Amino acid sequence: MSETRAAALDAADELAKCRELFTLDDDVVYLDGNSLGALPKHVPARMADVIAREWGQLRIRSWDESGWWTAPERIGDRIAPIVGAAAGTTVVGDSTSVNVFKALVAAVRLADPSRDEVLVDATTFPTDGYVAGSAARMTGRRMVPYTPGDPIGPRTAAVLVNHVDYRTGRLHDLPAITAAAHEAGALTVWDLCHSAGALPVGLAEHEVDFAVGCTYKYLNGGPGSPAFLYIRPDHQASFDSPLPGWNSHADPFGMTPDFTPADGAVRGRVGTPDILSMLALEASLDVWDGVSIEAVRAKSLALTDFFLELVTLESVTPAAHAERGSQVSLRCADAGAVMKKLIARGVVGDFRQPDILRFGFTPLYVGFADAERAAAVLAELV
Ligand SMILES: *Cc1c(COP(=O)(O)O)cnc(C)c1O
């Protein structure tokens, strides 16, 4: 019965054709694209050209002739529409951890000095909390745990929130929390690691101040591909980076001892970009041509609904669509051992301490038959 339903859902899926763009095995259900996205098939040939020709033959000339120097802002402009941002607002480079630092310190530097608190969601991905704790100490503020949705008061300088909780898959209310922060006179920094490429974010529409995010999860940029940083247009001129480097200088080749920041999102750059990773990311973004993030979201919800219907373990991922990202997290005794068995049976998710089985649904390459197979194998194991 449900097998025919999965087949019917796959047949009606307008994104089903995107799967052919990725290197995947027919006998593996890959539900870990929220940790490392799959490889788009055309990327190896593009990288072979980057290495053999752009690096091997053109060498130093490639900074100019192959567009290496401007890659961070050019690739930022390709990510921007996926997260609802305008061109010129987003720059790619460094890790998410480093960009959390840049964005949060810059946000606090814009806040009134009397505001002495930095709110960080209490269940944040650890690196954000570590970085925020250090950023708060450096700027003479106090880091305070925040439950997304709680009131924000007059002592708050900035609020750092993970758009989707990495462990539970809970989607936080970005429009409402951003509006509440602004109402209280605070700035917002959103971490989009688990929402960029998975659902509409609407950075411009909701007037988010700063945002950062991964590109190796739902954006399939490759292991350790550089993160992105969004700076709202009206904050760009006052963005005071705690990591000013020669790449964020108005005249990088002037080699002057004093620092004059560049205009625009380029100000968020630091040093020489990691070109190989960056160009792999750029190539991987071709899979988004002609794909709308709304269609991705619709399929993501249909997939996670379908999977939730089939599984019997307790879900810690909210049932309400407005509160769900693109993953399903199930509570399971001995989750670590169960995940090992699942992987041995060709169902690849991951395990998060202490008792969570995590399944990421990347709509560009996961289908309904995959969800069904994962649920069936899981049922046999628990
Ligand atoms: C994956 C993830 C990160 C990873 O940061 P890196 O600097 O790339 O290691 C950070 N924050 C969140 C919320 C994540 O999900």
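When a ligand or atom number is given, it counts from 1 through the structure's own listing order. Computed from a prediction, not measured in an experiment: that's the story for all the values here.
Contact annotation for Thr127 and ligand 1: only side-chain heavy atoms (C-beta onward) come within less than 4.0 Å of the ligand. Only side-chain heavy atoms of Asp128 come within less than 4.0 Å of ligand 1; its backbone N, CA, C and O stay farther off.
The His194 neighbourhood of ligand 1 comprises atoms 15 (O), with distances under 4.0 Å to a heavy atom of that residue. Counting the atoms of ligand 1 from 1 in the order shown, those under 4.0 Å from a heavy atom of Ser95 are 7 (O). Each of the following atoms of ligand 1 lies closer than 4.0 Å to a heavy atom of Asn162: 13 (C). Using a 4.0 Å cut-off to heavy atoms of Cys193, the atoms of ligand 1 that qualify are 2 (C), 3 (C), 10 (C), 11 (N), 12 (C), 13 (C), 14 (C), 15 (O).
Looking only at distances, a side-chain donor or acceptor of Gln327 sits under 3.5 Å from a matching main-chain atom of Tyr166. For Thr362 (side chain) and Leu364 (main-chain N/O), no donor-acceptor pair under 3.5 Å exists by modelled atom type.
At least one N or O atom of Tyr216 sits closer than 3.5 Å to an N or O atom of ligand 1.
Of the charged side-chain nitrogens involved, at least one lies within less than 4.0 Å of a carboxylate oxygen, so that Asp94 and Lys102 count as a salt-bridged pair. We find that Glu380 and Arg345 are joined by a salt bridge, their nearest charged nitrogen and carboxylate oxygen being less than 4.0 Å apart.
The minimum heavy-atom distance linking Met255 with Trp246 is given by the pair CE-CZ3, 3.9 Å.
In terms of protein heavy atoms, atom 7 (O) of ligand 1 is closest to Ser97 OG, 2.6 Å. Considering only non-hydrogen protein atoms, atom 15 (O) of ligand 1 sits nearest to Lys217 NZ, 2.7 Å. Protein heavy atom at the shortest distance from atom 5 (O) of ligand 1 is Thr96 CB, 3.5 Å.
Looking at residues two or more places apart in sequence or on another chain, you find no salt bridge (Lys or Arg N to Asp or Glu O under 4.0 Å) involving Arg297.
In this structure, Ala227 has no heavy atom closer than 4.0 Å to ligand 1.
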Run the side-chain donor-acceptor check on residues 270-278: report pairs under 3.5 Å with partners two or more places apart or on a different chain.
none

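No side-chain heavy atom of Ser134 sits less than 4.5 Å from a side-chain heavy atom of Val131.
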